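These notes concern the structure reproduced below.
Everything numeric here is computed off the predicted structure, so don't read it as measured data. Position 1 is the first residue of the sequence; numbering continues from there.
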Amino acid sequence: QVQLLESGGGLVQAGGSLRLSCAASGRAWNGYVRGWFRQAPGKEREFVAAINWSGSSTSYADSVKGRFTISRDNAKNTVALQMNSLKPDDTAVYYCAAGPRVVMTTPDYAYWGQGTQVTVSS
């Protein structure tokens with residue numbers, strides 16, 4: 001059974017940090033792009049960050065550049081999102097995704113996690 005399981009969400013004050021992690025299981029993930037998206041209440045799901053298989057290429061939404069860092073450990077089939085200098089506008093459910101041959105910033109990923117809530121208080 002293919003599964004993406006996020007962890008690390010929670011409540012943090014503005015200016016604080018959180019580290020999200022996503023563990024993938026149930027198939028071989030060689031060559032898969034891994035990404036993070038988020039969805040705030042009343043808004044559409046939006047791209048946050050993505051990383052290619054080798055880690056040589058990353059992409060970030062303008063709103064998180066310089067604050068968030070995506071990384072992956074292929075030996076463990078995990079991807080992480082380090083979030084620093086968090087703002088109330090970062091409050092959302094964060095979803096990890098995996099897909100082969102996708103354009104990183106589009107939601108065309110084959111597999112999705114259930115999401116983890118991140119709440120940033122002012």
So which heavy atom on [X] is nearest to which on [Y], and how close?
X      : Y      : result
Thr105 : Ser59  : CG2-OG, 3.7 Å
Ala14  : Ser122 : CB-CA, 4.4 Å
Ser57  : Met104 : O-CE, 3.5 Å
Ile51  : Arg72  : O-NH1, 3.4 Å

So, using side-chain contact (heavy atoms from CB on, under 4.5 Å) as the criterion, who are the partners of [X] when residues are at least two apart?
X     : value
Lys65 : Tyr60, Asp62
Ser54 : Asn52, Ser56
Asp73 : Ala75, Lys76, Thr78
Asp90 : Arg38, Arg67, Phe68, Leu86, Lys87, Tyr94, Val120

Item to check | Single-linkage hydrophobic cluster Val48~Met83, side-chain heavy atoms < 4.5 angstrom | outcome: yes
Next on the checklist: Do Leu4 and Tyr95 land in one hydrophobic cluster if side-chain heavy atoms of ILVMFWY residues count as linked below 4.5 Å?
Outcome noted: no
Checklist outcome for this item: Here the side-chain hydrogen bond (donor to acceptor under 3.5 Å, both in side chains) pairs for residues 2-18, sequence neighbours left out, are Ser17-Asn84
Item to check | Residues that Ser121 engages under side-chain hydrogen bond (donor to acceptor under 3.5 Å, both in side chains), provided they are two or more places apart | outcome: none
Checklist entry - What residues, two or more places apart in sequence or in another chain, satisfy side-chain hydrogen bond (donor to acceptor under 3.5 Å, both in side chains) together with Thr119? => result Gln117
Would you call [X] and [Y] a side-chain contact if the rule is heavy atoms closer than 4.5 Å?
X      : Y      : value
Thr91  : Val118 : no
Arg101 : Val33  : no
Pro107 : Glu46  : no
Thr116 : Leu20  : yes

Checklist outcome for this item: Residue pairs meeting ring pair (Phe, Tyr, Trp, His ring centres under 6.0 Å), one or both in residues 6-27, sequence neighbours left out, come to none
Item to check | ring pair (Phe, Tyr, Trp, His ring centres under 6.0 Å) partners of residues 28-57, not counting sequence neighbours, each pair once | outcome: Trp29-Tyr32, Trp29-Tyr111, Phe37-Phe47, Phe37-Tyr109, Phe37-Trp112
Checklist entry - When you look at Cys22 and Arg34, which way does the side chain to side chain contact (heavy atoms under 4.5 Å, CB included) test go after all the steps? => result CA-CA 9 Å; Cys22 176; Arg34 304 288 296 274; 3.6 Å; yes
Checklist entry - Which disulfide bond (SG atoms under 2.5 Å apart) pairs, counting each pair once, include a residue from residues 39-70, with sequence neighbours left out? => result none
Next on the checklist: Through direct or indirect side-chain contacts below 4.5 angstrom among Ile, Leu, Val, Met, Phe, Trp and Tyr, which residues connect to Leu5?
Outcome noted: none
Item to check | Pair listing, salt bridge (Lys or Arg N to Asp or Glu O under 4.0 Å) test, anchored in residues 7-27, at least two apart | outcome: none
Checklist entry - Given Ile70 and Val79, is the side chain to side chain contact (heavy atoms under 4.5 Å, CB included) satisfied, shown in steps? => result CA-CA 7 Å; Ile70 189 171; Val79 62; 3.8 Å; yes
